[in-house]
2 protein chains.
Amino acid sequence: MSVVSEIGEGEWALWRGFLTMHRDLMRELDGRLQRDAGISQADYSVLLSLFDAPERRLRPGALGQALGWEKSRLSHQLSRMAARGLVERAECDTDGRGSWVVLTREGKRTLLHSLRDHAASIRSLFLDALDPEEKQVLARATERVAERLGEAAQRATG
Amino acid sequence: MSVVSEIGEGEWALWRGFLTMHRDLMRELDGRLQRDAGISQADYSVLLSLFDAPERRLRPGALGQALGWEKSRLSHQLSRMAARGLVERAECDTDGRGSWVVLTREGKRTLLHSLRDHAASIRSLFLDALDPEEKQVLARATERVAERLGEAAQRATG
DNA sequence: CATATTTGGTTGACACGTCATCTATTAGGG
DNA sequence: CCCTAATAGATGACGTGTCAACCAAATATG
C-alpha cells in the first residue's frame, strides 16, 4: 500500500489480513447468532457470564470486570437487554448505590438455545482452522501483544 | 468458562485472548489516532485509499471494494467525513447515477499529519511484538480462517 | 461530626455499523 | 422503442460503543 514506507510489504499484508479476518469472522458469528437466537455477541457474553455466576446474578462492576467493558457501555447494554426481557436490574441490600443484574427465565432460555450453535461456529470457523502448533503460536502472539498494550497503558497512566 | 464442554480449556482461553487482544489493540490505536489527528481508523483508511488513488478520487463502489465495506456503511461514513470537510462528493460525468469521492486539501493535510504516527503505533504495538516465525504462522492462520469464512459464505450463497 | 473524596452506576450526545428500503439511472430483451 | 431488471448510491431506523458529565451512597479526613 505504497505510502507507508516504514512498514514493509509483507508486514502490511499481515496487518491487513489480520484486520480483515477478524472483521469477517465477527460478521459471520454475529450474523449466525442473530439468525439463530436473535441476539448479538455482546448479548451472548453477558448472558453467559450471568449464567455462570452464583444465583445467576452479578454486580455490574464485577460483570464489567469479567467482560473487560467500560461501565458506561455495560450500562447501555444492560438497559437494552432489560428492555428485551433478557435481564433484570435489582436493588442491592448491602450497598445502597449499587445494583444487581439478574438473568431472567427468558434470558436463560435464549442462552441455552444459542449455546451449542455458537460454540460450534467458533470451533468450525476458527479453532478447527488452526493446527495445534498454530494455536500455540497464536496464543503466545496474542499474549505478547497484550503485554505491549499493558506497557503502553502503564506509561500513559503512571 | 465451564459450560461449553465442546471447547476445551486451552482453546477457550485462546479464543478469549484473541478477542481481548483485538479489542484492546483497536481501542489503543483508535484512541491515539483520535488524540493525534482527531480521526478514527475508519476515517484513516478512507483517507489513505483516496490518497493512493489517481487524482485523489474514487468512485464509492471502488472504494467500498478496496476497503471491504458495505455500500451503506461507506455512504454514512462519507457523509460524516464530508460534514467535517475531509472529503467531497462530486458528480460523475460518465455515469449519471454514480459519483466521485474526492480528497479535500484538509483531508490530505489530516492524513499526512497522522500517517507516520499511526504506522509507528501499528509497528510498536503489533508488528514488533511478534518474531518472524510468529508473523509467518499468524499470516498463515489468518489465511486459513479466511478460507473457512469463504467456504461458509459459499455454502450460504450457492 | 461536617466536609471532601472516592466509588458504583446512569445518562445524553455523538460516532459507528447493519438492515431494509428507496430513487435514479443504465442495460437488456422483446 | 418500450418495459423490465440490474446497478449506483443515499437514507432512516435502530443497535452498538465512547466520552464526558452527572448523581447518590460510602468512605475518609480534619
Side-chain angles (χ1 to χ4, degrees), chain A residues 19-20 22-35 37-46 57-84 86-101, chain B residues 19-20 22-35 37-46 57-65 67-84 86-102:
Chain A
L19 291 183
T20 301
H22 181 274
R23 190 197 50 211
D24 293 349
L25 180 54
M26 291 308 137
R27 262 218 269 269
E28 181 66 24
L29 287 176
D30 254 327
R32 291 187 184 193
L33 213 42
Q34 198 67 54
R35 277 193 301 279
I39 59 175
S40 64
Q41 286 193 74
D43 296 330
Y44 179 87
S45 60
V46 168
R57 64 176 54 217
L58 282 174
R59 298 289 296 273
L63 183 50
Q65 192 83 32
L67 296 171
W69 290 9
E70 301 184 1
K71 56 187 184 172
S72 140
R73 172 183 179 188
L74 180 62
S75 184
H76 285 301
Q77 178 72 32
L78 292 176
S79 297
R80 289 186 297 256
M81 292 180 73
R84 282 182 293 152
L86 296 173
V87 303
E88 272 174 3
R89 295 193 213 253
E91 286 190 1
C92 177
D93 300 336
T94 65
D95 189 332
R97 67 218 145 140
S99 61
W100 288 98
V101 189
Chain B
L19 291 182
T20 301
H22 180 275
R23 191 198 49 212
D24 292 349
L25 180 55
M26 292 308 138
R27 262 218 269 269
E28 181 67 23
L29 287 176
D30 255 327
R32 290 187 184 193
L33 212 43
Q34 199 68 53
R35 277 194 302 279
I39 59 175
S40 66
Q41 288 192 72
D43 296 330
Y44 179 87
S45 59
V46 169
R57 64 175 54 214
L58 282 174
R59 299 287 296 274
L63 183 51
Q65 192 82 32
L67 296 169
W69 289 9
E70 301 184 2
K71 58 187 184 173
S72 140
R73 172 185 178 187
L74 180 61
S75 184
H76 284 302
Q77 179 73 32
L78 292 177
S79 297
R80 290 186 296 257
M81 292 179 73
R84 283 182 291 153
L86 297 173
V87 303
E88 271 174 3
R89 294 195 214 252
E91 286 189 3
C92 177
D93 300 336
T94 65
D95 189 334
R97 66 219 144 137
S99 61
W100 288 99
V101 189
V102 192

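We name chains A, B, ... by the order of the sequence lines, and we start the count at 1 in each one.
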[X] has an atom [atom1]; how far is it from atom [atom2] of [N], in whole Å?
X       : N      : atom1 : atom2 : value
A/Leu33 : C/dT18 : CG    : C1'   : 15 Å
B/Glu91 : C/dA24 : CD    : P     : 14 Å
B/Gln65 : D/dA8  : CD    : C1'   : 13 Å
B/His22 : D/dG17 : NE2   : P     : 13 Å
B/Lys71 : C/dC19 : NZ    : P     : 13 Å
B/Glu28 : D/dG17 : CD    : P     : 19 Å
B/Glu70 : C/dA20 : CD    : P     : 10 Å
A/Leu63 : C/dT10 : CG    : P     : 11 Å

* Can you tell me how far CE of A/Met81 sits from CG of A/Leu78, rounded to the nearest 0.5 angstrom? -> 7.0 Å
* Asked: From A/Leu67 CG over to A/Arg73 CZ, what is the distance, rounded to the nearest 0.5 angstrom?
  -> 8.0 Å
* Nearest nucleotide by nearest heavy atom, which residue falls closer to the 5' end of DNA chain C, B/Gln41 or A/Gly31? -> B/Gln41
* To do: For B/Asp43 and for A/Leu74, find the nucleotide of DNA chain C with the closest heavy atom, then tell me which residue's nucleotide is more 5'.
  => A/Leu74
* To do: List in numerical order all residues of residues 94-102 of chain B for which some heavy atom is under 4.0 Å away from an atom belonging to DNA chain C.
  => B/Asp95, B/Gly96, B/Arg97
* To do: Report yes if a donor N or O on one partner sits less than 3.5 Å from an acceptor N or O on the other, where the partners are the side chain of A/His76 and the base of C/dG12; otherwise report no.
  => yes
* Check: A/Ser75 main-chain N/O paired with A/Ser79 side-chain donor or acceptor under 3.5 Å -> yes
* Asked: Where each residue is assigned the nucleotide of DNA chain D containing its nearest heavy atom, which of A/Asp93 and A/Gln77 is assigned the position nearer the 5′ end?
  -> A/Gln77
* Asked: On DNA chain D, nearest-nucleotide positions of B/Ser79 versus A/Ser40: which is more 5'?
  -> B/Ser79
* To do: May I ask you to say what A/Arg89 touches in the nucleic acid, namely base, sugar-phosphate or nothing, with a heavy-atom cut-off under 4.0 Å?
  => sugar-phosphate
Using a cut-off of strictly less than 4.0 Å, decide whether [X] has a side-chain nitrogen or oxygen near OP1 or OP2 of [N].
X       : N      : answer
B/Ser72 : C/dA20 : no
B/Arg80 : C/dC16 : yes
B/Arg27 : D/dT18 : yes
B/Arg84 : C/dA15 : no

* Asked: Can you tell me if CD on A/Gln65 sees more than 12 non-hydrogen neighbours from other groups inside 6.0 Å?
  -> no
* **B/Asp30 and B/Arg32 ion-paired at < 4.0 Å** => no
* Using 4.0 Å as the upper bound for N to carboxylate O, is an ion pair formed by B/Arg84 and B/Asp43? -> yes
* Structure fact -> Closest non-hydrogen atoms of B/Ser45 and B/Trp69, given as atom of the first, atom of the second and distance, are OG-CZ2, 3.7 Å
* Structure fact -> Smallest heavy-atom separation, A/Cys92 atom then A/Arg59 atom, equals SG-NH1, 3.3 Å
